[in-house]
Structures are given as C-alpha cells and as structure tokens.
Amino acid sequence: MVIWEGVSEFVAVAEAQSFTAAAKRLGISTAQVSRQVSALEARLSTKLLYRTTRKVSVTDTGQIYYQQCRRVLDGLEEAERSVTNLQLVPKGQLRLTAPVTFGEKVIAPLVNDFALRYPDLEVHMNLTNQTLDLVAEGYDLAVRMGKLEASSMMAKRLSSRTLYVCASPDYLSSYGIPHSLSELEQHNCLQGNLDYWRFQEKGKPRNIRITGNIKCNSGWSLLDAALKGIGIVQLPDYYVQPSLDSGQLIPLLAHCQEEDDGVWAIYPHNRYLSPKVRMLLDYLSNCLQPNGRLQMQETERTN
C-alpha cells in the first residue's frame with residue numbers, strides 16, 4: 001500500500017540521524033532510503049527532515065509524524081512476535097562490543113556459552129576500549145564500565161566493579177603498610193594510564209596523584225609487578241581478585257575505597273527489544289554477581 005511507503009525508512013533516519021546508518025540498519029542502499037523519504041515528503045506535502053552535508057535532523061512536523069509512526073511500527077512488530085516463536089529461539093546476527101580486558105576475562109566466555117545454546121545465532125563481538133557509536137556502526141549492544149554519560153541510549157546495570165589498592169606481603173614487609181592517603185607519597189605506586197588513583201574520603205570522591213618507577217597501559221603487567229613485590233597497585237577486581245583470595249596480594253586503605261562502579265549494558269532505544277538482545281541481556285545479568293565476578297556454578301565446563 002502506498003500509505004506505508006517510506007515510513008520505515010523515515011523512522012530509521014529519524015532515529016539514526018543519518019541516511020547511511022539507516023540504510024545499514026534496514027539492509028538497503030542509502031540511495032533507496034533517500035528516494036523513499038523524499039517520496040514520503042512529497043506525498044505529505046511537508047518537510048520531515050533537515051539535510052546538510054554533516055547532519056540530518058527532524059523538523060517539528062517530522063517529530064510529530066515520527067512519534068505516531070513509531071507507535072504504529074512498534075505495534076506491528078509486537079503483533080508479529082505474538083504469532084511467531086522468535087521470542088523463544090534467538091537467531092540471526094548479533095553485534096556487540098565490550099572493553100578489552102573485561103571482555104576477554106568475563107563477557108566473551110559468557111557470550112560463547114550463550115552462542116553454544118543457540119546455534120542459529122551469528123555473533124560478531126568487537127573488544128575495544130574505544131566508545132563506539134552503536135547506531136551508526138550497527139551494534140545491538142555494548143558493555144561499558146563506570147559512570148555513564150547522558151545519551152539517548154537505554155542502559156541495564158549488569159553488575160559492578162570494585163577498585164582495589166593492594167600490594168604483596170613481601171613489599172609491605174620491606175616498606176611498611178600505608179594507613180592514610182597521605183602516606184602513599186612515600187611508596188612506589190605502579191602507574192597505569194592515569195597519574196592518579198581514585199578514592200573516597202568522608203563521603204566525597206578524591207583523586208590522589210601517585211608516582212612510581214613503573215608506568216604501563218597494561219593491567220596484567222602492573223599486576224605482575226605487584227605480585228613480584230615491586231610496588232603498590234590500584235586495579236579492578238577482575239585483575240586482582242584471585243590474588244587477593246589466595247593471599248598473594250593484601251588489600252590496603254579499605255576505609256578510603258571508592259564506591260563500586262557499574263557494569264552496564266547499553267543499547268539503542270527501542271520499546272520492544274529483539275529476542276536475541278533481550279535474552280542475552282537476561283543471560284549476562286543472571287551470570288554476573290553484584291561484584292562483577294562470574295558465578296562459577298553457571299559457567300564451569302567439564303572436561
């Protein structure tokens with residue numbers, strides 16, 4: 001029917017604010033999206049989008065039309081799902097991104113187990129510390145750490161991350177135990193990407209500048225240096241928790257420890273999540289404990 005022509009294309013462009021990203025989402029050419037939207041505007045005798053070489057934005061009239069069209073499309077999608085079994089069996093391509101270390105250590109094994117359950121699912125996982133544009137680059141979801149910036153994305157808290165300051169027993173026996181933040185300046189503090197560590201003092205965040213003889217952008221390298229007694233380190237739990245549990249590292253300055261960061265799943269705003277994304281979100285949330293570690297009873301493998 002002519003009345004539907006261009007509607008899906010217009011909604012996709014309005015949400016992505018890009019003809020190219022909309023075309024990628026719909027699986028058609030950018031030229032086809034442009035033609036359909038132009039035909040829709042001609043049929044309605046009104047301008048729905050402002051186009052420049054750098055940006056696409058929705059007009060006031062377009063915003064009203066978008067809200068109505070979005071509700072109609074959501075209703076159609078829900079009606080289709082109600083008469084199919086798609087919500088029971090995730091299938092098709094699933095694209096996600098996560099930070100490198102946490103992704104390798106925690107997220108990737110869980111996603112692999114999820115994919116093992118659903119062989120019709122094709123997973124594309126990009127582990128990177130860069131903040132990617134999910135809509136423009138066609139990602140279904142991203143795992144991100146810490147405090148979230150304001151955006152139009154939806155967010156689901158999966159777990160949390162604890163920052164520990166710790167050192168080996170050998171280092172502490174040689175150089176003593178720091179009992180206050182001011183004492184850190186007397187110690188060899190192993191430095192990562194930043195020249196300060198994060199704490200909380202009297203209920204307020206506080207950053208303390210640190211110095212040491214090793215600076216490295218790899219958490220694993222800093223962990224190795226700490227285990228060898230070279231200095232004190234501040235690292236997230238997924239680096240140091242096994243060493244803390246075994247006594248190879250001793251936690252320090254617990255009374256000044258910063259509040260836990262969130263571990264979040266971020267995904268584009270959509271009233272009705274696709275089954276593959278919704279089920280993966282539920283799976284990740286169920287498999288992660290509040291402190292961000294794996295629930296081993298759910299992820300252990302038998303040989």
*Take Ile214 and Gln191 through the side chain to side chain contact (heavy atoms under 4.5 Å, CB included) test and state the conclusion after the steps.*
CA-CA 6 Å; Ile214 288 182; Gln191 185 177 329; over 6 Å; no

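- Between Arg161 and Tyr238 the shortest heavy-atom distance is CD-CE2, 3.6 Å.
- Among Leu284, Leu141, Val277, the single residue meeting the side chain to side chain contact (heavy atoms under 4.5 Å, CB included) criterion with Leu96 is Leu141.
- Looking at heavy atoms from C-beta onward, Leu49 lies in side-chain contact with Val58 at the 4.5 angstrom threshold.
- Applying the 6.0 Å contact sphere to CG of Asp60 captures no more than 12 heavy atoms from other residues, nucleotides or ligands.
- Residues Ser182 and Ser180 have side chains that bring a donor and an acceptor to within less than 3.5 angstrom of each other.
- Ala21 and Ala16 make their closest contact through CB-CB, 3.8 Å (heavy atoms, listed as atom of the first residue, atom of the second, distance).
- Rounded to the nearest 0.5 Å, atoms CG (Asp170) and CD (Gln248) are 11.0 Å apart.
- With sequence neighbours excluded, the residues forming a ring-ring contact (aromatic ring centres under 6.0 Å, His included) with Tyr175 are Tyr171, listed by chain and number.
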*Stepwise side chain to side chain contact (heavy atoms under 4.5 Å, CB included) check, Val100 with Glu104*: CA-CA 6 Å; Val100 175; Glu104 291 175 337; 3.9 Å; yes

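- The two residues Ser168 and Gly229 make their nearest non-hydrogen contact at OG-CA, 3.3 Å.
- Judged as a side-chain hydrogen bond (donor to acceptor under 3.5 Å, both in side chains), the pairs with a partner in residues 18-32 (not counting sequence neighbours) are, in order, Glu15-Arg25.
- Residues that satisfy the side-chain hydrogen bond (donor to acceptor under 3.5 Å, both in side chains) test with Asn213, not counting sequence neighbours, are Asn188.
- Connection of Leu252 to Leu222 is not established within any shared hydrophobic cluster, with ILVMFWY side chains joined at heavy-atom distances below 4.5 Å, either directly or through further cluster members.
- Arg95 places a side-chain N or O within 3.5 Å of a backbone atom of Gly138 that can act as its donor or acceptor partner.
- With sequence neighbours excluded, no residue forms a side-chain hydrogen bond (donor to acceptor under 3.5 Å, both in side chains) with Glu259.
- For residues 5-61, the ring pair (Phe, Tyr, Trp, His ring centres under 6.0 Å) pairs, not counting sequence neighbours, are Phe10-Tyr65.
- Hydrophobic clustering, with ILVMFWY side chains joined whenever heavy atoms are under 4.5 angstrom apart, keeps Ile232 apart from Leu244.
- When all heavy atoms of Val123 and Ala115 are compared, the pair lying nearest together is CG2-CB, 4.1 Å.
- Between atom CD of residue Gln63 and atom CD of residue Gln68 there is a gap of 11.5 Å, rounded to the nearest 0.5 Å.
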*Check step by step if side chain to side chain donor-acceptor pair (under 3.5 Å) holds for Asn126 and Tyr139.*
CA-CA 10 Å; Asn126 182 6; Tyr139 284 96; 3.0 Å; yes

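- Applying the side-chain hydrogen bond (donor to acceptor under 3.5 Å, both in side chains) criterion to Asp282, with sequence neighbours excluded, gives no partner residue.
- Here Leu134 contributes atom CG and Asp140 contributes atom CG; the two are 9.0 Å apart, rounded to the nearest 0.5 Å.
- Nearest approach of Ser38 to Arg51, heavy atoms of both residues: OG-NH2, 4.0 Å.
- Contact check on Asp224 versus Lys228 returns a salt bridge, with a Lys/Arg side-chain nitrogen under 4.0 Å from an Asp/Glu carboxylate oxygen.
- Scanning for ring-ring contact (aromatic ring centres under 6.0 Å, His included) contacts around Tyr239 gives Trp220, with sequence neighbours left out.
- With hydrogens and angles left out, the side-chain atoms of Glu122 and His124 include a donor and acceptor closer than 3.5 Å.
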_Asp113/Arg117 under salt bridge (charged side-chain N to carboxylate O under 4.0 Å, His left out): CA gap, chis, key distance, verdict_ = CA-CA 7 Å; Asp113 288 340; Arg117 294 186 178 188; over 6 Å; no

Under 3.5 Å, which donor-acceptor pairs do the side chains of residues 203-211 form with other protein atoms, sequence neighbours left out?
{"residue": "Arg206", "atom": "NH1", "partner": "Glu201", "partner atom": "OE1", "Å": "2.5"}
{"residue": "Arg209", "atom": "NH1", "partner": "Asp195", "partner atom": "OD1", "Å": "2.6"}
{"residue": "Arg209", "atom": "NH1", "partner": "Asp195", "partner atom": "OD2", "Å": "2.7"}

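- In terms of modelled atom types and a separation under 3.5 Å, the side chain of Lys156 and the main chain of Ile266 share no donor-acceptor contact.
- Smallest separation of non-hydrogen atoms from Leu73 and Ser8: CD2-OG, 4.1 Å.
- Leu40 and Leu76 fall within the same hydrophobic cluster, where Ile, Leu, Val, Met, Phe, Trp and Tyr residues are linked whenever their side-chain heavy atoms come under 4.5 Å apart, directly or through other members.
- Atoms OH and CZ, on Tyr283 and Phe114 in that order, are 8.5 Å from each other to the nearest 0.5 Å.
- Applying the salt bridge (Lys or Arg N to Asp or Glu O under 4.0 Å) rule to pairs touching residues 211-222 yields nothing, sequence neighbours excluded.
- A 4.5 Å side-chain heavy-atom check between Leu288 and Leu110 finds at least one atom pair inside the cut-off.
- With respect to Cys166, the side chain to side chain contact (heavy atoms under 4.5 Å, CB included) criterion is satisfied by exactly one of Leu227, Val233, Ile250: Val233.
- Considering Leu163, Thr162, Leu235 as possible partners of Val240, the one that fulfils the side chain to side chain contact (heavy atoms under 4.5 Å, CB included) test is Leu235.
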*For side chain to side chain contact (heavy atoms under 4.5 Å, CB included), just list the numbers for Glu41 and Lys47, CA-CA rounded to whole Å, side-chain angles, deciding distance to a tenth of an Å, and then say yes or no.*
CA-CA 6 Å; Glu41 289 179 318; Lys47 195 172 189 64; 4.0 Å; yes

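- Cation-pi check for Arg144 over Trp264 is not met; the charged atom does not lie both under 6.0 angstrom from the ring centroid and within 45 degrees of its normal.
- In the hydrophobic clustering of ILVMFWY residues, with side-chain heavy atoms under 4.5 Å counting as a link, Phe199 and Leu190 come out apart.
- In this structure, the separation between CE on Met145 and CG on Leu158 is 10.0 Å, given to the nearest 0.5 Å.
- Classification of Arg198 and Asp261 as a salt-bridged pair holds, one side-chain N sitting under 4.0 Å from a carboxylate O.
- Between the NZ atom of Lys202 and the NE2 atom of His255 there is a distance of 11.0 Å, given to the nearest 0.5 Å.
- Remark: Gln130 pairs with no residue by the side-chain hydrogen bond (donor to acceptor under 3.5 Å, both in side chains) rule, at least two apart or across chains.
- Under the 4.5 Å side-chain criterion, counting only non-hydrogen atoms from C-beta, Glu9 is not in contact with Val11.
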*What do the steps show when you test Trp197 against Leu181 for side chain to side chain contact (heavy atoms under 4.5 Å, CB included), and what is the final call?*
CA-CA 10 Å; Trp197 287 349; Leu181 298 184; over 6 Å; no

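- Residue Tyr196 shares its hydrophobic cluster (ILVMFWY side chains chained together at separations under 4.5 Å) with Leu194.
- Note on Leu172: it does not cluster hydrophobically with Leu223, by side-chain heavy-atom contacts below 4.5 Å among ILVMFWY residues.
- Its side chain outside the 4.5 Å cluster rule for every partner, Ile64 clusters with none of the Ile, Leu, Val, Met, Phe, Trp and Tyr residues.
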